[in-house]
Structure formats: C-alpha cells, structure tokens
2 protein chains.
Amino acid sequence: MPKSQIDQIDRKILTRLQKDGRIANNDLAEAVGLSPSPCLRRVKALEESGLIRTYVALVDPAMVELPVNVFVSVTLEKQVEERLDSFEAAIRQRPEVLECYLMTGEADYLLRVVVPDLAAYEQFLKTHLTRIAGVASIKSSFALKQVRYETALPLHHLAV
Amino acid sequence: MPKSQIDQIDRKILTRLQKDGRIANNDLAEAVGLSPSPCLRRVKALEESGLIRTYVALVDPAMVELPVNVFVSVTLEKQVEERLDSFEAAIRQRPEVLECYLMTGEADYLLRVVVPDLAAYEQFLKTHLTRIAGVASIKSSFALKQVRYETALPLHHLAV
DNA sequence: ACTGAAATGGCGCGACC
DNA sequence: GGTCGCGCCATTTCAGT
C-alpha cells in the first residue's frame, strides 16, 4: 500500500490520532473537515491496511518506578544468519528490552532497556543477556535523563 | 504519587491499556474482574494522576515512507547548564527526532532520528543539527532493521 | 469508602442516497 | 462524501457492603 493512497485528509487524521488515540470520531471528523461517517470509514481503512498498527496507552516511566534507561551495544561472535535469528528471538522474550535495532558498521545490535535501578540491570545482564548464545561483547551506556520521547512519526514529507 | 497506590487490579488495567488503548471500558472491566463503574473510576484516577500520560495511535514507519532509523551521538563543546538547555530546546523543535537522551560517561546526547532516506538525513544534519550552537562532534549510526519496538513498560516489578 | 447495579444521553457504526 | 437510525457504550446516580 504505497503513499499514493494517502491524501491530505488522511494525513490530518493520522497526525491527530498520533496525538490523541482516543479522540471521539465526531470530534476527529470535525477537526479534519469531514462528517463523521466518511471519517470513520477512512480510519477503518487505515487500520485494516496496517498503516495504523495499534492504539496504546503511554505510561509515565518514573511513576511506575522505571527511571533507568540503558542503551546496550551487543556484538555477536559470528554474523551467521542463524545466530541473528536466535538472538532476536531471545531478545523478544525480555519485556525490559523496549527497543532493539540491527546496526550497520560493526554489525551489532543496539538495545534500549528499561529497569527500576542498577541492581535490576545487573540482574538482567547476568541472568539473561550474557546467557544468550553467540554474544561476544556488551557495552552499556546509561541515560541521565530522557529529554524527549515521541511516538508520533513526522508526516510532513508525504506529498499531497 | 508512589507505587503504594497501585494494586494488582491497577496493574492489570495498565497492562491491558498499554496493549490496547481503545478497549471498551466494559471489556476492560471484565478482563480485570470488575464491573464497569469502578473500573472506569480507576482508569480516570490513573489518567488524572498522570500515570497514564496519554493515548496514541502507532503508525507503521515503513508504510509512511520512513524506513530509516539513525542513532546520533552528539558531543557539546562545553558542559555548561545553559548549553544543555538550549540544545534540548533546539532538539525539541525537530519532529524527526523521536527520542533524545542525556547520557553519562562522555556526557553527550543520544538521538534517534527517523527519516525517509539518506538524503533526508543529510539534509537534517546540514540544515539543523550542525547549526545548533555548541555542537562539537556528531557520530551517526544507521539501523539496518528495527528488530523490536515496544511502548508498553514492564510492570512485573511492582509489588502487590 | 469503595464496589456493584440500573438508567440516560451520546456516540460508534452500519445501510442507503 | 453525506444523511439517517439503531444499538451499544460511557457516564452519572443510587443503593449496598
């Protein structure tokens, strides 16, 4: 489903829903200059195409005792395809790993891990990360502060 | 508002809403073993306490022509408080910077930037990032693949 | 004080123009 | 894309424990 299907109104809908996923369809319709029914039809189409993946509630990390963000660079022993898959499968098991990227260059992984404190991170390292087969080296970088965290993708580049 | 206020049911509510932010209150109530009225009251309390920050729609990056993730390490010239604030303010202006963390160690920043292609990233570098006052050095690392991306925080550590 | 049940007003969501 | 209408859900009120 290429971008050619996305017009100005769809872009407005997406921008609005990325800010407020619980907006009432009536209000959304008014905001984008449509009547409720065709607006809802567009939203459903965006959902069914997979363009809108899901709706979620965002929780404040500090208020649930999860103030520590750690970025972990992981290097694997060999770059065999099989190793990558098994590493990724293992990573997907761990709920404290919120993000994981396969990186270029040294061809390792970058993880963002969220934990209550340093002790919990040490536990994660010892009990889980170091036990994954094929892990050669691990480098941890700690965040002092989360300056910005957005889930809304910028859509300005999408042509009309 | 410490965690002592959060009981088992609240945890279930949060876990559920982090997976499906648009679930009907009736269904949520049934899922957590409550009747609709007290369930909704708890949700409202969690919202007003700020523990639930907001509800959002998550959009598929590839389907809106944003397949490129870049992690950018930024070092500032001097670690004056004022410089940090002005850098952070500048970063907040740029919608392609989805995440920004103040890091320990070399005490620089780590950014996650999302762009349509390498040309757009080059444009971002030249037009915006390098023009921010106080930026000493920039190191860009590109992601080949987003292996995992979660917004749901793990709540298993919260005691009953 | 917090929970569960009933009533009402508004909205989501389909059929049709 | 807009209009109409039904059914369901969110929300308030009231009673119970």
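Order of the sequence lines sets the chain letters (A, B, ...), proteins ahead of strands, with each chain counted from 1.
Rounded to a whole Å, the CD atom of A/E30 is 15 Å from the C1' atom of C/dG10. Across the protein-nucleic acid pair, B/Q8 atom CD and C/dC2 atom C1' stand 18 Å apart, rounded to whole Å. Rounded to a whole Å, the CG atom of A/L40 is 8 Å from the P atom of C/dG12. Rounded to whole Å, atom P of C/dG12 lies 8 Å from atom CZ of B/R22. Following rounding to the nearest Å, B/I23 (CD1) and D/dC8 (P) show an atom-to-atom distance of 18 Å. Taking atom CG of A/D7 as the reference point, atom C1' of D/dG1 lies 12 Å away to the nearest angstrom. For the pair A/L28 CG and C/dC11 C1', the computed distance is 13 Å after rounding to whole Å. Atom CG in B/L34 sits about 15 Å away from atom C1' in D/dT17, given to the nearest Å.
Side-chain atoms of B/S37 stay outside donor-acceptor range of the base of C/dT3, with no qualifying N/O pair under 3.5 Å.
Taking each heavy atom of A/N25 and A/P36 in turn, the nearest pair found is ND2-O, 3.0 Å. The minimum heavy-atom distance between B/V68 and B/D117, with the atom names listed, is CG2-CA, 3.9 Å.
Between D/dA10, D/dG2, C/dC11, one nucleotide has an atom nearer to the side chain of A/A24 than all others, and that is C/dC11. The side chain of A/N26 sits closest to C/dC11 out of C/dC11, D/dA10, C/dT3. Distances from the side chain of A/R41 to the nucleotides D/dG1, C/dA5, C/dG12 place D/dG1 closest.
The side chain of B/K44 places no N or O atom within less than 4.0 Å of a non-bridging phosphate oxygen (OP1 or OP2) of D/dA10.
Using a 4.0 Å cut-off between a side-chain N of Lys or Arg and a carboxylate O of Asp or Glu, A/K126 and A/E122 qualify as a salt bridge.
Counted by atom type alone, B/Y101 and A/Q146 present one or more donor-acceptor pairs between their side chains at under 3.5 Å.
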